[in-house]
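To start, the structure under review is shown below, and the notes come after it.
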Amino acid sequence: MLTEDELPRQWYNIQADMINKPLPLLNPATKEPLNADDLAHIFAAECARQELDQTHPWIDIPEEVLERYKYYRSTPLVRAYALEKALGTPAHIYFKNESVNPLGSHKVNSAIPQCYYCKQEGTTNVTTETGAGQWGAALSYAAKTFGLECAVYQVKISMQQKPYRSSIMRTFGAAVTGSPSMSTRAGKDIITADPNHPGSLGTAISEAVELATTTPHCKYTLGSVMSHVSLHQTVIGLEAEKQMEKAGEYPDTIIACFGGGSNFGGLAFPFMRHQIKGQRDNVQCTKVIDFIAAEPESCPKLTKGKFEYDFGDQAGYTPLLPMYTLGHTFKPANIHAGGLRYHGAGTIVSQLLKDGYMRAVDIPQLESFDAGLLFARTEGIIPAPESCHAIAATVREAKKCIETGEEKVILFNLSGHGLIDMSAYDAFLNGDLV
Ligand SMILES: *Cc1c(COP(=O)(O)O)cnc(C)c1O
């Protein structure tokens with residue numbers, strides 16, 4: 001753990017240091033690059049500014065946000081000795097435990113600042129989409145603490161798979177609707193075309209954006225994909241950087257699961273800056289870290305998608321984003337890692353992957369739960385189905401070290417716990433999962 005004065009007071013904006021900047025977001029009608037004013041119709045104005053900021057590498061964390069981070073930060077950096085032993089690997093495995101806050105995932109790191117900026121700017125209502133419900137839960141909590149009304153569209157299939165997540169959101173006072181729903185035009189169109197549509201993050205985003213753009217003083221918020229979200233998540237990597245230093249180690253490999261890229265970017269970007277700048281604390285740094293994004297085999301945008309301009313949602317309400325994508329009408333299989341069922345990747349990560357700073361692997365669902373179970377039985381923490389993908393990629397790398405005898409230092413992000421995902425574990429333990 002870090003002491004209070006060691007906590008990061010600024011977020012790291014990798015866009016400022018990137019050699020090839022992410023391509024601009026485009027207005028779908030005019031194909032012109034969007035400016036911050038355009039984005040501020042949907043998002044908080046400060047988030048819109050952060051989204052497009054390619055010049056300031058460090059952005060101050062507002063005092064009120066710091067205060068709330070202190071409720072649960074810093075989060076522990078843990079060496080997984082028991083997992084190492086079970087695998088018989090010479091690798092040193094560390095994980096950053098983002099599951100320890102009461103909401104149970106990293107999402108609250110961005111929910112707090114997004115609600116803070118909305119409140120500052122006079123917004124009264126926030127809306128969003130959520131898959132498995134971690135983002136919705138984090139936003140509902142943050143909105144309540146800042147006195148904002150919150151409406152959440154939750155992917156219908158996830159709502160059925162994880163009923164307790166909607167209970168959590170409603171406990172924090174949010175109104176929760178399954179998507180696609182009959183309450184928006186986008187939802188009606190989707191249901192008319194496909195009455196049994198299970199919903200996806202794409203359908204839920206369409207509905208939330210429609211609500212935000214048709215309701216006064218209502219802003220849309222997003223838990224992943226956008227650059228300002230990864231920016232807020234860099235508290236993870238900035239803390240980990242100091243904690244690894246205290247442990248006297250430096251990572252050879254950094255791994256996180258990948259939905260839209262926020263927990264991956266949050267952990268990876270502060271370390272990637274050493275590589276981009278070729279230095280660390282003003283000392284030359286030539287070490288090359290192997291950055292690995294672990295995505296589900298059933299939603300493989302990084303390993304099998306195309307780099308092109310695409311919409312962020314099913315109905316085509318969002319700006320056009322330059323990203324690795326499976327196409328905005330892609331319907332992902334109903335895997336339990338609801339947070340990874342998204343068709344596209346954030347624009348920063350997309351550019352970094354294209355430029356060879358990182359790589360991606362895809363993980364079959366059963367392999368992810370095998371790894372999650374091993375982690376639970378060794379480290380005593382039941383990981384979120386999303387996080388199981390990072391663990392599976394870690395297990396793969398740690399097993400390679402058995403063959404080569406290398407004592408690699410592997411750092412992965414435990415993005416959340418799985419205590420509200422026990423129906424998924426039940427299905428796995430009963431042999432019902434595919
Ligand atoms: C939302 C979520 C993810 C995926 O989102 P990213 O933006 O890619 O981080 C991963 N793990 C957990 C626990 C989540 O809630």
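One-based numbering, in listed order, for ligands and for the atoms of each. As the structure is a prediction and not an experimental result, all values here were calculated from the model.
Under the 6.0 Å distance and 45° angle rule, Arg68 counts as a cation-pi partner of Phe146.
Taking the six-membered ring where the residue is Trp, Phe269 and Phe264 present perpendicular rings, their angle passing 60° and hence far from 30°. Ring-plane geometry between Tyr69 and Tyr72 is classed as perpendicular, the angle between the planes exceeding 60 degrees on a 0 to 90 degree scale with a lower cut at 30.
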Is there any protein N/O under 3.5 Å from an N/O of ligand 1, and what does the full list of such pairs look like?
{"unit_1": "ligand 1", "atom_1": "7 (O)", "unit_2": "Ser224", "atom_2": "OG", "d": "2.5"}
{"unit_1": "ligand 1", "atom_1": "7 (O)", "unit_2": "Ser262", "atom_2": "N", "d": "2.9"}
{"unit_1": "ligand 1", "atom_1": "7 (O)", "unit_2": "Ser262", "atom_2": "OG", "d": "2.8"}
{"unit_1": "ligand 1", "atom_1": "8 (O)", "unit_2": "Gly259", "atom_2": "N", "d": "2.6"}
{"unit_1": "ligand 1", "atom_1": "8 (O)", "unit_2": "Gly260", "atom_2": "N", "d": "3.0"}
{"unit_1": "ligand 1", "atom_1": "8 (O)", "unit_2": "Gly261", "atom_2": "N", "d": "2.9"}
{"unit_1": "ligand 1", "atom_1": "9 (O)", "unit_2": "His106", "atom_2": "NE2", "d": "3.2"}
{"unit_1": "ligand 1", "atom_1": "9 (O)", "unit_2": "Ser262", "atom_2": "OG", "d": "3.3"}
{"unit_1": "ligand 1", "atom_1": "9 (O)", "unit_2": "Asn263", "atom_2": "N", "d": "2.8"}
{"unit_1": "ligand 1", "atom_1": "9 (O)", "unit_2": "Asn263", "atom_2": "ND2", "d": "2.7"}
{"unit_1": "ligand 1", "atom_1": "11 (N)", "unit_2": "Ser415", "atom_2": "OG", "d": "2.7"}
{"unit_1": "ligand 1", "atom_1": "15 (O)", "unit_2": "Lys107", "atom_2": "NZ", "d": "2.6"}
{"unit_1": "ligand 1", "atom_1": "15 (O)", "unit_2": "Gln134", "atom_2": "NE2", "d": "3.3"}

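For an aromatic pair to be called close, the ring centres must be under 6.0 Å apart, and His328 with Phe311 satisfies this. The distance between the ring centers of His336 and Phe428 does not fall below 6.0 angstrom.
Checking Lys96, Lys246, Arg280, Arg273 one by one against Glu241, the salt bridge (Lys or Arg N to Asp or Glu O under 4.0 Å) holds for a single residue, Arg273.
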